[in-house]
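Per chain, numbering begins at 1; letters A, B, ... match sequence-line order. Not measured: the values here are computed from a predicted model. Reckoned from all heavy atoms, side chains included, excluding hydrogens, waters and symmetry mates.
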There are 2 protein chains.
Amino acid sequence: MSSASTPPGARAAATTRGRPPKLDQARTVEVALALLDEAGLDALTMRRLAEAMDVRAGALYRYFATKHELLTAMAEALLADCLERPLPSPDWSERLAELAHRMRAALLSRRDGARVYAGTHSTGRHTLGFADTLIGVLREADFAPDDAARAALTLVNFTLGHTLEEQAALQVAGDGPADPERLRDAVTAAQYPHLAVTLPVLTSTDFTAHFAFGLRLLIDGLRAAGPGPAAPGTGG
Amino acid sequence: MSSASTPPGARAAATTRGRPPKLDQARTVEVALALLDEAGLDALTMRRLAEAMDVRAGALYRYFATKHELLTAMAEALLADCLERPLPSPDWSERLAELAHRMRAALLSRRDGARVYAGTHSTGRHTLGFADTLIGVLREADFAPDDAARAALTLVNFTLGHTLEEQAALQVAGDGPADPERLRDAVTAAQYPHLAVTLPVLTSTDFTAHFAFGLRLLIDGLRAAGPGPAAPGTGG
DNA sequence: ACCTGAACACCGTTCAAGT
DNA sequence: ACCTGAACACCGTTCAAGT
């Protein structure tokens with residue numbers, strides 16, 4: 001049940017004396033994720049979270065030493081469902097794609113999920129289990145350990161970068177002109193011939209297609225490299 | 001000289017009467033980037049920046065409507081040098097790799113540069129010029145417009161995701177145990193066979209090699225797809 | 001036109017004191 | 001053991017008033 005690193009006040013009372021605590025780590029993370037969904041990361045403050053849990057802000061610090069530690073536990077919780085179902089296909093490239101899609105879905109499942117994840121470095125079981133599975137798929141496909149690890153990092157970094165942009169584009173819309181509109185204006189104002197031609201794709205909101213394209217590129221590149229001994233350096 | 005969108009107070013005084021302003025957009029961005037390098041993004045506050053410019057915080061709001069607008073101008077400035085030198089090779093894959101390396105170098109050039117860039121969406125000339133050039137390289141290699149645009153997005157998102165992680169790993173080191181150490185402990189404590197085997201690569205600080213690997217994957221994937229009409233959907 | 005002074009409505013975090 | 005109350009040292013942003 002425990003999240004990221006060893007929780008400071010998580011050891012249960014030796015004897016269950018006194019009234020039960022109003023707070024605990026798991027419930028705090030749950031409420032924090034709900035508040036994240038409602039209000040967004042910028043509005044997720046320790047005070048607002050405390051209010052949502054009917055407690056004063058200071059009380060949260062018995063369970064999380066810093067706000068960053070809470071965010072790390074939230075990031076860890078985001079990946080909770082990634083390995084629930086078994087991977088459907090025996091083909092390594094389909095397994096890889098499936099894992100990447102699940103990670104994207106996990107980050108998308110909450111507002112600003114990608115930003116939360118990008119800002120933290122959990123070493124919890126969901127995060128490490130996901131990475132282990134990813135590398136395992138590649139190793140079982142006979143990729144050399146170094147290549148498997150680097151390919152996994154690439155996949156995760158691409159997924160993170162993509163989802164960060166996807167979620168950033170998804171919202172806004174409240175105040176100023178939305179992103180695509182500003183891009184359209186800027187492109188027509190100055191001379192960007194290639195942006196002008198590709199504007200429909202660049203402003204498309206079919207992020208699933210964008211993601212699938214990039215993912216295919218990576219997997220095709222991996223297929224081209226092919227399983228076997230470690231790839232040579234950048235030399236030749 | 002102007003950055004991102006139309007600057008509010010940027011129109012020069014009709015007649016140069018009165019003492020010259022202590023502030024202007026360009027110099028503010030310069031000082032902000034210097035402060036970023038010294039103190040990091042979390043310590044880059046409007047008050048601290050104002051202090052560095054010998055002015056009260058409120059004065060900054062004549063040049064930037066919000067802190068986010070200042071950060072956008074900073075992100076735009078980060079990419080300033082990406083297109084200064086001409087691309088050395090006529091080969092499209094080498095041109096692409098060169099551009100990606102330049103973007104990474106630009107983000108790395110300042111502390112938390114990737115975080116600044118990830119948090120904003122500039123439509124300034126450096127950002128758009130870079131994207132236009134990227135897509136141009138692919139179009140000139142006879143990739144279909146849609147593929148060229150999507151490949152460019154993939155390249156940028158991977159570079160952003162990678163550099164975000166690289167810069168996050170680079171620092172810390174001040175307070176708690178560094179990232180690699182926590183990872184090592186977590187991996188040995190629980191059962192992550194594939195992480196255990198690849199720990200040396202995963203904790204390696206040769207981020208240039210990691211980046212080159214991912215970049216090669218993308219470019220090889222692009223070569224496999226090959227120039228020509230737009231690639232088919234995810235169908236088969 | 002450009003900046004100051006001062007305020008408004010917040011933050012994350014700490015810690016004695018209560019129960 | 002767990003939480004409150006109250007404070008500390010800050011934030012971004014606004015705006016009348018000065019020059």
Side-chain angles (χ1 to χ4, degrees), chain A residues 7-29 31-32 35-36 39-74 112 116 119-120 174-176, chain B residues 7-29 31-32 35-36 39-74 112 116 119-120 174-176:
Chain A
R11 50 192 102 264
T15 60
T16 316
R17 192 162 37 208
R19 48 186 168 296
K22 296 171 75 171
L23 257 39
D24 66 89
Q25 271 204 122
R27 228 183 68 75
T28 305
V29 169
V31 176
L35 184 54
L36 179 71
L41 181 56
D42 294 335
L44 176 68
T45 68
M46 296 301 264
R47 287 166 197 266
R48 292 242 252 159
L49 174 58
E51 191 180 19
M53 305 200 71
D54 202 38
V55 109
R56 304 296 157 202
L60 296 170
Y61 288 85
R62 186 164 301 272
Y63 299 91
F64 301 95
T66 60
K67 182 182 183 181
H68 188 262
E69 202 170 277
L70 166 66
L71 289 167
T72 302
M74 290 169 67
D112 292 329
V116 170
T120 60
D175 304 5
Chain B
R11 50 192 103 265
T15 60
T16 317
R17 193 161 36 206
R19 43 185 171 296
K22 297 172 74 171
L23 257 40
D24 67 89
Q25 273 203 121
R27 227 182 69 75
T28 305
V29 169
V31 176
L35 185 55
L36 180 71
L41 181 55
D42 294 336
L44 175 68
T45 68
M46 296 301 264
R47 287 166 196 266
R48 292 242 254 159
L49 173 58
E51 191 179 21
M53 305 199 72
D54 202 38
V55 109
R56 305 293 158 204
L60 296 170
Y61 288 85
R62 188 163 300 271
Y63 300 91
F64 301 95
T66 60
K67 183 182 182 180
H68 188 263
E69 202 170 277
L70 165 68
L71 289 168
T72 303
M74 291 169 67
D112 291 330
V116 170
T120 60
D175 304 5

Can you give the dot-bracket line for DNA chain C, where a pair is Watson-Crick or G-U wobble with both atom distances under 3.5 Å, crossing pairs use [ ], and | marks a partner on another strand?
||.|||||...|||||.||
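Pairing each heavy atom of B/Leu44 with each of B/Ala32, the nearest pair is CD1-O, 3.9 Å. A pairwise comparison of heavy atoms in A/Lys67 and A/Thr45 identifies NZ-CA, 4.2 Å as the closest pair. Across every non-hydrogen atom of B/Val29 and B/Ala73, the tightest pair is CG2-CB, 3.8 Å. Here the shortest heavy-atom pairing between B/Tyr61 and B/Thr66 reads CE2-CA, 4.3 Å. Closest of all the heavy-atom pairs between B/Ala43 and B/Arg48 is CB-NH2, 3.1 Å. Annotation for A/Asp112 and A/Leu41: closest pair OD2-N, 2.8 Å, computed over non-hydrogen atoms.
When rounded to the nearest whole Å, the span between CG of B/Leu71 and P of D/dC11 equals 15 Å.
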When you check every protein heavy atom under 4.0 Å of nucleotides 12-19 of chain C, what one-letter string (B, S, -) results, 5' to 3'?
BBB-----
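Across residues 49-56 of chain B, B/Val55, B/Arg56 each have a non-hydrogen atom less than 4.0 Å from an atom of DNA chain C (numbered order).
Here the CD atom belonging to B/Gln25 is positioned 9.0 Å from the CG atom belonging to B/Leu70, to the nearest 0.5 angstrom. Here the CE-CG distance, from B/Met74 to B/Leu35, works out to 8.0 Å after rounding to the nearest 0.5 Å. To the nearest 0.5 Å, atom OG1 of residue B/Thr28 and atom NZ of residue B/Lys22 are 12.0 Å apart. If you take CZ on A/Arg56 and CZ on A/Arg47, they are separated by 11.0 Å, rounding to the nearest 0.5 Å.
Between D/dA9 and C/dC10, the distance separating the two P atoms is 22 Å to the nearest Å.
The shortest distance between the side-chain N/O atoms of A/Tyr63 and the OP1/OP2 oxygens of D/dA1 is not below 4.0 Å.
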